[in-house]
Amino acid sequence: VANMQDELASLAAQVDKAVDQVSKANTQAERDAANKELALRREAQAEKNRQLAELRERQRKAKLKVDTKNQKCIDNPLGC
């Protein structure tokens, strides 16, 4: 999770840089290229966020193991 968070921070910096490039573009061609790059960076960032959410959900589910020998654990919907 920590590694993915570092990657997300890096992607956020890249998105910020791409936004700056869009604002600094002088010609329509430069703006179009910068907007394309920005869209790619945002897409990569969204994908990484989705992967991180999936990883966190898998970790959360792994912690909800139920001890089948203990009736209190079976009755508790959150596991033990």
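A quick note: this is a predicted structure, and the numbers were derived from the prediction, not measured.
Smallest separation of non-hydrogen atoms from Ala25 and Arg31: CB-CG, 3.4 Å.
Rounding to the nearest 0.5 angstrom, the gap separating the CD atom in Gln21 from the CD atom in Glu30 is 9.0 Å. Atom CZ of Arg42 is separated from atom CG of Asn35 by 8.5 Å, given to the nearest 0.5 angstrom. Annotation: the span from Asn3 atom CG to Leu8 atom CG amounts to 10.0 Å, rounded to 0.5 Å. The CG atom of Leu38 sits 11.5 Å away from atom CD of Gln14, with the distance rounded to the nearest 0.5 Å.
Gln28 and Asp32 form a side-chain donor-acceptor contact under 3.5 Å, judged by distance and modelled atom types alone.
Leu40 is not connected to Val15 by any chain of hydrophobic side-chain contacts under 4.5 Å among Ile, Leu, Val, Met, Phe, Trp and Tyr, and they are in different clusters.
Between Arg56 and Leu52, some side-chain heavy-atom pair lies under the 4.5 Å cut-off.
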* CA sep, side-chain torsions, deciding dist, call: Met4, Gln51, side chain to side chain contact (heavy atoms under 4.5 Å, CB included) -> CA-CA 8 Å; Met4 285 189 122; Gln51 290 174 357; 3.3 Å; yes

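For CD of Glu54, the number of neighbouring non-hydrogen atoms (other residues, nucleotides, ligands) closer than 6.0 Å is greater than 12.
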